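These numbers were taken from a predicted model, which means no experiment stands behind them. Quick note on labels: first sequence line is chain A, next is B, and so on, each numbered from 1.
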Amino acid sequence: MMMHIDLSSVLRQTVSCELYSNLVTRPTGAAVRAQIEALLADARERSLTVIDFSHVGMIDFSCADEVVAKLLLRTTSSERGEREAYFLFRGVTDDHWDAIETVLERHRLALVLETDDGAARIVGIVGDGERAAWEKVYELGRTAPADLATALGAEESDAVEVLNTLHRRRLVMRTEEGYIAVGGIGIQHD
Amino acid sequence: MTSVITVPPSLDDHTFEQVVEQLASVPPDAKVLIDARHTRWASPYGLTALLTLGQTREERAAFHAPDAEETASYWARTGFFKYAEELFDLHGSVPRARGGESSVLLEITPVVKSEDVHEVVGRIQQKAQQILAKELNIDAKATVGFAMTLSEVCQNIVEHAGRGGWVAVQTYTWRKRLGRRVVVIAVCDAGCGFRQSLESAPGRVRSDRWDDAEALEEAVVRGVSRFRDPGRGQGLAGVRRYVGRWDGKVSVRSGTARIAIVPSWDDDVPLLEKLAPFPGSQVQVTIPERVAGGPR
């Protein structure tokens, strides 16, 4: 299941004002996150949601903590039971990045950003091994641990471990046929 | 008997201490006259702090407006008298505000609730971009950080003060210390202050030294908040980072102490203790005009 959430629309519904385009203040952030979580509540076992910042003017630290950090913290914890929620962040510009980067560092989180050309990259607190593995999975498409081990020249057990870590952090999706990088769905692979 | 509190000719964050010192021996329910007749200039901090002073009086205070027409007229354009008339019995010639003031990025604006912060940030953005880039030679990209800084300092009122306060943003040439143009954010409230806010944290253990100065150090330097949530305390840390990036200054006064992150161009004292008591928190952020070779 794939969803698209335009944060500016959620913001306008939340603060009941058409004029506001900035994600500022903690109560606003908490309300926006609650709205996102309500939308996710209907999701099935696995969902991928595009969180779209394209029409958001700016975001401050407090709001980023509520909207980005807490959303990720809650979905990477066991609170949601068997349901797996993944996020792809779209439309993030320099105007948003300072606040988002700060809260990712504070909570030692990472997320997947969609770039202007439609590609994806991971940002935040990511180890070199995790980054290399994620980029390889993104490049390869659906990837089994053995494929990753071969591609990286690593032991298969190490590949399993890093894929588990990336999955726990909701940076790759686990399917029966292998792992897929968040943001890697729909990408053409040779 | 009415106590007369004399407002200094030039009112800023430093000279406001003279006002607070005069008030220290006057009980909150005593009658006071705030005498600004001879005041010729006031910073946004001075004006917003005067309003918070009005909030602190149990007996409605009298306020004498500046005699100088130019000064009174300027104060009117900043919106000062609009709020002062709600708090003081006004005396002297109080002009009506006519037209905007180009140096005022944000006229004095009350901050009580979260929506007020949205309003403030929305109003500042476009004008800030013009001023920062054209007058202060600061990269237009800095506008977002400026708006974030404004948002976070205003949120301190909403989240911690327990009562409303005011914000004002203005540019002027700071001849005395710097000889350059600056943009100044002032956010003042007469709420519970940093010490009381931190004391309300559940299970908080106080050190032997616990006082306003330590509370300010905890909140401003170490990013401690009354909330246990690990995401808290990022606001002031972000403000410090922004101010550091643009060679600016931030000072916070609360209770009997004042802490400042002091840049090389200023000779202010980083921590002042045992000041005359004044309720709430008073924050000032100063970003100077960028000169060649300065931070980018």
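The part of B:Q125 that comes within reach of chain A is its side chain, from C-beta onward, which places non-hydrogen atoms under 4.5 angstrom from that chain. If you measure heavy-atom distances from A:D95 to chain B, the contacts under 4.5 Å come from both the backbone and the side chain. Within the 4.5 angstrom heavy-atom criterion, no atom of A:L23 approaches chain B.
If you tally non-hydrogen atom pairs under 4.5 Å between each of A:D94, A:D60, A:T28 and chain B, the highest count goes to A:D60.
Closest approach of A:M58 to B:V144, counting heavy atoms only: CB-CG1, 4.0 Å. A pairwise comparison of heavy atoms in A:F61 and B:E152 identifies N-OE2, 2.9 Å as the closest pair. Nearest heavy-atom pair across A:T25 and B:S151 is N-OG, 4.3 Å.
No donor-acceptor pair closer than 3.5 Å links the side chain of B:Q155 to the backbone N or O of A:S62.
At a threshold of 4.5 Å between non-hydrogen side-chain atoms, the residues A:R26 and B:S114 do not count as touching.
With rounding to the nearest 0.5 angstrom, the CE atom of B:M148 is 8.5 Å from the CD1 atom of A:I59.
Residue-level contacts of residues 162-170 of chain B with chain A do not occur; threshold 4.5 Å between heavy atoms. Listed by sequence position, A:D98, A:A99, A:T102, A:V103, A:R106, A:H107 are the residues of residues 96-108 of chain A in contact with chain B, using a 4.5 angstrom heavy-atom cutoff.
Crowding of B:E159 atom CD: a count of heavy atoms from other residues, nucleotides or ligands under 6.0 Å exceeding 12. Atom CD of B:E217 has more than 12 neighbouring heavy atoms from other residues, nucleotides or ligands inside a 6.0 Å radius.
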